[in-house]
Novice: 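Sending over a structure as structure tokens; questions will come in a sec.
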Amino acid sequence: MFLDVLCCNMTQTFRIKGLGGKKILSGELSPHGAKNAVLKVLAATALFSESIEISNIPDIEDVNSMILLLEKSGFFIKRLGARRLVCQPPRKTAARINTDIAKKLRASIVLTGPFLSRYGKISFPHPGGCVIGERPIDLFLSAFQKIGARVSRNKDYYTINAPKNGLRGANIFFENISVTATETLMLAAILARGETILSNCAMEPEIKYLAEFLNSCGARITGAGTPTICVIGGELLRNTKNIVYKTPPDRIETGSFLILGALCARDVTIKNCIPEHAASTIAILERMGVSLNIGKNYIKITNDFSGKGKKHFLATGVKTHEYPGFPTDLQALMTVFLTQASGEALVFETIFEGRLNYIELLNRMGARITSMDQHRILVKGPTPLRGRKLESPDLRAGLAYVIAALVAKGTSFIHNANYIDRGYEKIDERLREIGADIERV
Ligand code: EPU
């Protein structure tokens with residue numbers, strides 16, 4: 001397993017032959033299980049007295065890193081085929097989680113909640129992940145103190161200790177809306193004494209899924225998916241009904257495929273998705289003139305543009321927002337879309353201060369994007385794009401480059417494709433299936 005992860009870390013490059021603006025891809029795409037759901041349920045297995053089975057797991061590098069992190073902490077993990085595993089938490093574990101792996105992924109911070117409440121202590125480095133801003137952890141640290149824990153820090157590590165008689169429930173107001181802080185404290189509260197009320201929580205569907213699964217195993221969580229979550233603490237969780245956690249489809253993959261389809265496809269159907277989870281993206285695309293046929297668990301994109309420049313999508317301003325607003329994870333992809341839309345549009349990234357670092361290379365491809373400040377850019381379109389050598393700065397901007405390269409005329413090379421592999425499983429193979437000329441070189 002460790003070797004697999006090391007190999008994935010070696011720099012990879014995609015070679016993409018662009019379509020020169022033609023919308024000719026055709027076929028079906030299905031989102032895999034959601035990265036940001038499965039990583040958290042893996043962390044939550046620490047709250048169980050017995051093993052837990054998880055299915056529909058995406059085969060991506062972040063998941064492999066999380067599995068390795070758990071194994072290094074004494075968890076027994078058995079793969080049951082490509083997308084399924086069983087995870088058994090240990091009775092005791094070393095308090096310190098592996099630095100090298102934890103620094104690779106932001107989700108490693110979510111382990112702190114369940115580890116602290118079950119094992120009483122945890123030491124961990126500042127979590128890693130995509131470089132898209134400062135990504136502080138102050139909300140976690142102050143919330144841990146509220147539930148009775150002692151927080152200390154040396155040069156490389158934070159150490160958190162629970163009191164001898166365990167964590168105690170508390171009222172916690174998050175000053176910023178944070179996905180991982182909401183999840184971490186919800187998990188910590190499950191074994192705390194008494195009631196914890198979390199306010200100003202993130203409302204992402206992955207949080208609701210997690211709470212529903214944990215409730216089916218004895219947790220007492222109400223309000224997940226709303227701004228206020230209440231958790232009544234209790235004993236270790238037991239999966240007496242042998243429920244398998246089925247990872248929900250990745251709504252960011254769904255949104256990515258919608259943008260890709262609108263730009264490059266004659267007709268593409270996104271199957272096995274939950275359209276409701278992509279509602280903000282659907283609303284924006286429809287406003288810009290994309291024709292979508294939406295069913296219960298599929299979305300069909302049909303482009304009646306011939307690709308001969310007769311008609312263009314209409315530009316519209318886009319502002320990222322916590323769920324159910326337009327996701328920051330699709331912001332770079334939407335910017336690529338706007339380079340092909342008619343008019344001028346402001347893209348306002350409200351969540352992260354370092355997530356517009358991809359525009360220079362798009363401009364080198366022919367886009368006309370002006371930086372206004374750390375959070376805002378102005379995109380003028382439509383502009384034809386030309387193939388270029390690109391370097392993926394992070395996971396989502398990396399996929400934005402893939403889409404830009406498909407739109408462009410000529411061949412592009414995207415280095416650091418392994419960043420894209422962190423979140424999108426075998427994206428090259430899946431895009432080839434709908435007719436894209438993309439190769440890993
Ligand atoms: N923030 C603080 N203090 C904290 C924590 C967060 O000020 O202690 C701020 C952040 O700086 C940011 C805002 O709160 O301005 C929101 O950040 P959040 O904590 O919600 O982000 P995250 O939990 O670290 C998750 C996803 C990201 C996704 C964001 C926003 C995981 C593992 N990651 O990150 O996913 O962009 O929520 O939706 O769940 C990705 O998949 O590519 C990705 C980056």
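Each ligand, and each atom within it, is numbered from 1 in the order the structure gives.
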Novice: Determine, considering heavy atoms only, which of Asp62, Ile207, Ile177 sits nearest to atom 14 (O) of ligand 1.
Specialist: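 The residue whose heavy atom sits nearest atom 14 (O) of ligand 1 is Ile177.
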Novice: Do Leu258 and Leu330 make a side-chain contact, defined as non-hydrogen atoms from C-beta onward lying under 4.5 Å apart?
Specialist: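 Not in contact.
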Novice: By the definition salt bridge (Lys or Arg N to Asp or Glu O under 4.0 Å), identify the one residue from Lys426, Arg430, Lys35 that meets it with Glu253.
Specialist: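 Of the listed options, the one satisfying the test is Arg430.
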Novice: Which of these passes side chain to side chain contact (heavy atoms under 4.5 Å, CB included) with Tyr424: Leu399, Val402, Leu431?
Specialist: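 Testing Tyr424 for a side chain to side chain contact (heavy atoms under 4.5 Å, CB included) against Leu399, Val402, Leu431 leaves exactly one candidate, Leu399.
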Novice: Applying a heavy-atom cut-off of 4.0 Å, say which part of Lys40 lies close to ligand 1: side chain, backbone, both or neither.
Specialist: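 The side chain, only.
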Novice: At a 4.0 Å threshold, what atoms of ligand 1 neighbour a non-hydrogen atom of Lys35?
Specialist: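 Listed by number with element, the hits are 40 (C), 41 (O).
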Novice: For ligand 1, indicate whether the residue Thr180 contacts it via side chain, backbone, both or neither (heavy-atom separation under 4.0 Å).
Specialist: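 Looking at Thr180 and ligand 1, atoms from backbone and side chain both fall under 4.0 Å.
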Novice: Taking N or O atoms only and a 3.5 Å limit, does Val179 qualify as a polar contact for ligand 1?
Specialist: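 Right, the criterion is met.
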Novice: Where do Arg135 and Phe352 come nearest, in terms of heavy atoms and distance?
Specialist: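 In terms of heavy atoms, the two residues are closest at NE-CE2, 3.9 Å.
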Novice: Could you tell me whether Phe75 and Phe115 have their ring centroids closer than 6.0 angstrom?
Specialist: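 They qualify: ring centres under 6.0 Å apart.
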Novice: Ignoring angles and geometry beyond distance, decide whether Glu183 reaches within less than 3.5 Å of ligand 1 through its nitrogen or oxygen atoms.
Specialist: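 Looking only at distances, the answer is no, because the N/O contact criterion of under 3.5 Å is not met.
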Novice: Starting from atom 44 (C) of ligand 1, locate the nearest protein heavy atom and write down its residue, its atom name and how far away it is, to 0.1 Å.
Specialist: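 I find the closest protein heavy atom is Arg355 NH2, 3.5 Å.
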Novice: Does even one non-hydrogen atom of Ile109 get within less than 4.0 Å of ligand 1?
Specialist: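 The answer is no: ligand 1 sits nowhere under 4.0 Å from a heavy atom of Ile109.
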Novice: Could you find the nearest protein heavy atom to atom 34 (O) of ligand 1 and give me its residue, atom name and distance?
Specialist: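 Result for atom 34 (O) of ligand 1: Arg135 NH2, 3.3 Å.
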Novice: Quick one: look up the protein heavy atom nearest atom 8 (O) of ligand 1 and list residue, atom name and how far away it is.
Specialist: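 That would be Leu139 N, 2.9 Å.
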Novice: Between Arg388 and Arg364 (side chain of the first, backbone of the second, donor and acceptor by atom type, cut-off under 3.5 Å), is there such a pair?
Specialist: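 At least one qualifying donor-acceptor pair exists.
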Novice: Are any of the heavy atoms in Leu39 under 4.0 Å away from ligand 1?
Specialist: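 Leu39: no contact with ligand 1 (<4.0 Å).
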Novice: Which one holds for Ile351 and ligand 1: side chain close, backbone close, both close, or neither close, with close meaning a heavy atom under 4.0 Å?
Specialist: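 It is both backbone and side chain that touch ligand 1.
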Novice: Is it the case that the side chains of Arg287 and Thr316 hold a donor-acceptor pair, with the cut-off being a distance below 3.5 Å and no angle test?
Specialist: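 Note: Thr316 and Arg287 side chains meet the donor-acceptor criterion.
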Novice: Could you check Ile274, Leu285, Thr269, Ile282 and say which one makes a side chain to side chain contact (heavy atoms under 4.5 Å, CB included) with Ile299?
Specialist: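 Considering Ile274, Leu285, Thr269, Ile282, a side chain to side chain contact (heavy atoms under 4.5 Å, CB included) with Ile299 is found only for Ile282.
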Novice: Which residue supplies the protein heavy atom nearest to atom 42 (O) of ligand 1, what is that atom called, and how far is it?
Specialist: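 Looking only at protein heavy atoms, the one closest to atom 42 (O) of ligand 1 is Arg396 NE, 2.9 Å.
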Novice: Taking the basic N atoms (NZ, or NE/NH1/NH2) and the acidic carboxylate oxygens, is any pair closer than 4.0 Å for Glu344 and Lys380?
Specialist: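 Yes, charged N to carboxylate O under 4.0 Å.
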Novice: Return the closest protein heavy atom for atom 21 (O) of ligand 1 as residue, atom name and distance.
Specialist: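 The closest one turns out to be Phe352 CZ, 3.6 Å.
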Novice: Could you tell me whether Glu206 and Arg251 make a salt bridge, using a distance below 4.0 angstrom between a side-chain N and a carboxylate O?
Specialist: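 Between Arg251 and Glu206 there is a salt bridge, with a charged N closer than 4.0 Å to a carboxylate O.
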Novice: Against heavy atoms of Arg106, which atoms of ligand 1 measure under 4.0 Å?
Specialist: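 Ligand 1 atoms under the 4.0 Å threshold to Arg106: 5 (C), 24 (O).
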Novice: Of the protein's non-hydrogen atoms, which lies at the shortest distance from atom 33 (N) of ligand 1, and what is that distance?
Specialist: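 The answer is Asn36 ND2, 3.7 Å.
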Novice: Counting each atom of ligand 1 from 1 as listed, which ones have a heavy atom of Ile137 under 4.0 Å away?
Specialist: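 Answer for ligand 1: 8 (O).
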Novice: Nearest protein heavy atom to atom 11 (O) of ligand 1, by residue and atom, and its distance?
Specialist: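 Result for atom 11 (O) of ligand 1: Pro136 CD, 3.3 Å.
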Novice: Any chance the side chains of Thr335 and Tyr358 put a donor and an acceptor closer than 3.5 Å?
Specialist: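 Thr335 vs Tyr358: donor-acceptor pair found between side chains.
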Novice: With a cut-off of 4.0 Å, which atoms of ligand 1 are near a heavy atom of Leu395?
Specialist: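 Those qualifying, in numeric order: 42 (O).
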Novice: Identify, for atom 9 (C) of ligand 1, the protein heavy atom at the shortest distance, and state residue, atom and that distance.
Specialist: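 In this structure, atom 9 (C) of ligand 1 has Asn176 ND2, 4.0 Å as its nearest protein heavy atom.
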Novice: Short list, please: which atoms of ligand 1 are under 4.0 Å from a heavy atom of Asp329?
Specialist: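 Checking each atom against Asp329, I get 28 (C), 35 (O), 36 (O), 40 (C), 41 (O), 42 (O), 43 (C), 44 (C).
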Novice: What distance do Glu391 atom CD and Ile414 atom CD1 have between them, rounded to the nearest 0.5 Å?
Specialist: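 Rounded to the nearest 0.5 Å, the CD-CD1 separation comes out at 11.0 Å.
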Novice: Could Arg83 and Glu425 be called an ion pair, given the rule that one side-chain N must be under 4.0 Å from one carboxylate O?
Specialist: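 Between Glu425 and Arg83 there is a salt bridge, with a charged N closer than 4.0 Å to a carboxylate O.
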